[in-house]
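Here's the structure, in structure tokens; my notes come after.
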Protein chains: 2
Amino acid sequence: MSTATVESRPYHHGDLSRALIEAARKILETDGPAALSLRAVAREAGVSPAAPYHHFKDKAELLDAVAHEGWHELDAALSKARGENNAARDQMTNLGVAYVCFARDNPALYRVMYDCSRDRDALPDQLKDDGAYCQVRDTIGENSGGRATEIDLELATIAAWCAGHGLAEMISFKQFAPLKDLLGGEEAFLRAVFEHLGMFAKVIDQDPA
Amino acid sequence: MSTATVESRPYHHGDLSRALIEAARKILETDGPAALSLRAVAREAGVSPAAPYHHFKDKAELLDAVAHEGWHELDAALSKARGENNAARDQMTNLGVAYVCFARDNPALYRVMYDCSRDRDALPDQLKDDGAYCQVRDTIGENSGGRATEIDLELATIAAWCAGHGLAEMISFKQFAPLKDLLGGEEAFLRAVFEHLGMFAKVIDQDPA
DNA sequence: CGCCAATCTGAACGCCGTCAAGATAATCTT
DNA sequence: AAGATTATCTTGACGGCGTTCAGATTGGCG
């Protein structure tokens with residue numbers, strides 16, 4: 001109930017673009033990024049290797065579409081984390097933890113997202129207009145006691161984003177395993193790291209706990 | 001004076017392993033990671049496509065060797081930055097800036113370094129014994145007023161490393177260009193971001209400037 | 001119904017990583 | 001010094017990849 005369009009290959013297939021994207025995501029989850037070839041995607045969707053070229057000019061363009069979905073889902077994950085609101089620094093830590101957990105739970109998708117960004121030397125513009133990036137900025141803004149300039153806000157957001165991404169890329173590294181155990185699990189480890197960043201100290205009200 | 005062993009192909013070539021590594025690095029610098037195929041490396045070194053298999057069991061093993069050199073050079077870059085010593089927070093910022101500048105100046109090499117790490121879900125162990133990683137830890141340790149537990153030190157190092165890596169991967173993103181101009185250049189931008197991390201607040205003496 | 005444009009297939013190109021068989025040269029043994 | 005052993009390199013092949021192109025098929029529109 002999942003592989004290809006087994007049921008009597010329709011004439012023109014209906015919606016190949018969507019089917020290709022879903023096939024790509026399935027391969028990503030199942031076999032990882034290394035197994036994600038255009039030919040494999042076409043195979044999984046039940047079409048010939050050349051068929052995708054009528055919907056995407058490139059392999060890269062297909063991956064872009066997959067990445068686009070990924071950014072949307074990351075956005076949703078951060079929204080959810082922001083819904084459960086705590087105060088100031090905790091709220092930022094929660095956001096960071098949610099970000100890294102998304103990357104940990106969708107490693108292949110996360111990799112595709114950033115591979116696409118690297119290839120164009122930029123994060124997708126959508127992020128800055130109403131996406132995950134501005135959720136971080138808004139959260140920082142809401143918690144800065146009004147004493148944050150526009151530039152400080154931007155810099156703090158960049159700092160937060162970079163820290164989150166760096167941790168996201170390393171969270172599964174085996175060297176951290178002993179520390180995770182020591183601190184009582186992966187999420188506790190994440191919180192501890194984020195707190196050691198002394199994150200956004202310049203912008204967010206500090207409670208000297 | 002650089003391409004292959006043009007001078008009368010010697011019988012057995014002498015030191016192919018080294019030649020292959022250098023060929024790989026040259027291709028990386030010249031044409032980027034996408035052009036780095038084993039066959040291209042062999043071509044550049046002036047040998048047949050199968051020759052490398054007598055020195056590396058895999059393409060991955062060749063890349064490992066290249067990455068190994070990269071980590072060594074990063075180590076050297078951080079050492080140099082640590083030599084020009086300033087006080088506490090500045091010293092840490094300098095280390096971070098040096099790290100990101102290394103990545104910016106050797107983008108393809110840096111990518112190979114982390115690609116190898118990702119494939120094995122771990123940073124090279126050498127880093128923790130006497131490499132770049134422990135330079136960061138030592139610097140933090142030296143500047144913590146003695147009130148840093150072993151665990152705090154480790155967490156602060158991880159936090160610093162992740163932040164550096166995240167920034168290193170994004171430093172060339174076009175969205176940051178306006179901010180760089182506004183702050184008077186890329187290095188000023190880097191310093192500003194690092195300072196907004198409020199980095200290592202838990203561990204390093206804070207001067208309330 | 002007939003035509004056009006969109007969609008899909010089949011076969012091909014050049015590239016890739018890798019391997020097995022054979023040639024060649026350095027090294028070791030005596 | 002000569003022969004045997006081993007390390008090194010080449011040739012040729014395999015399957016898989018991204019991509020293209022000519023031709024078949026089909027849906028939509030007049």
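Every chain is numbered from 1, with letters handed out A, B, ... down the list of sequences.
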(request) Just jot down the salt bridge (Lys or Arg N to Asp or Glu O under 4.0 Å) partners of A/R137, sequence neighbours excluded, or say none. (result) A/E154

(request) Return the value, rounded to whole Å, for the distance between atom CD1 of B/I27 and atom C1' of C/dC16. (result) 13 Å

(request) Please identify each residue that fulfils salt bridge (Lys or Arg N to Asp or Glu O under 4.0 Å) with B/R104, with sequence neighbours left out. (result) B/E186

(request) Identify, with sequence neighbours excluded, every residue that meets ring pair (Phe, Tyr, Trp, His ring centres under 6.0 Å) alongside B/H68. (result) B/H72

(message) For a quick check, with a 4.0 angstrom heavy-atom cut-off, what is the B/S/- contact string for nucleotides 12-23 of chain D, read 5' to 3'?
(response) -B---BBBBB--

(request) Whole angstrom is fine here: how far is it from CG in B/D15 over to C1' in D/dT8? (result) 13 Å

(message) Can you pull out every ring-ring contact (aromatic ring centres under 6.0 Å, His included) where at least one residue sits in residues 25-60 of chain B? Sequence neighbours excluded, please.
(response) none

(request) Would you kindly give the CD-to-P distance between B/E61 and C/dC19, to the nearest whole Å? (result) 12 Å

(request) Calculate the interatomic distance between B/H55 atom NE2 and D/dT8 atom C1'; express it in whole Å. (result) 6 Å

(message) If we count only N and O atoms by modelled type, under 3.5 Å, do the side chains of A/T139 and A/Q91 hold a donor and an acceptor together?
(response) no

(request) Could you tell me which residues satisfy salt bridge (Lys or Arg N to Asp or Glu O under 4.0 Å) with B/E142, sequence neighbours excluded, listed by chain and number? (result) B/R82

(request) Starting at atom CG of B/D31, determine the distance to atom P of C/dC15, rounded to an integer number of angstrom. (result) 15 Å

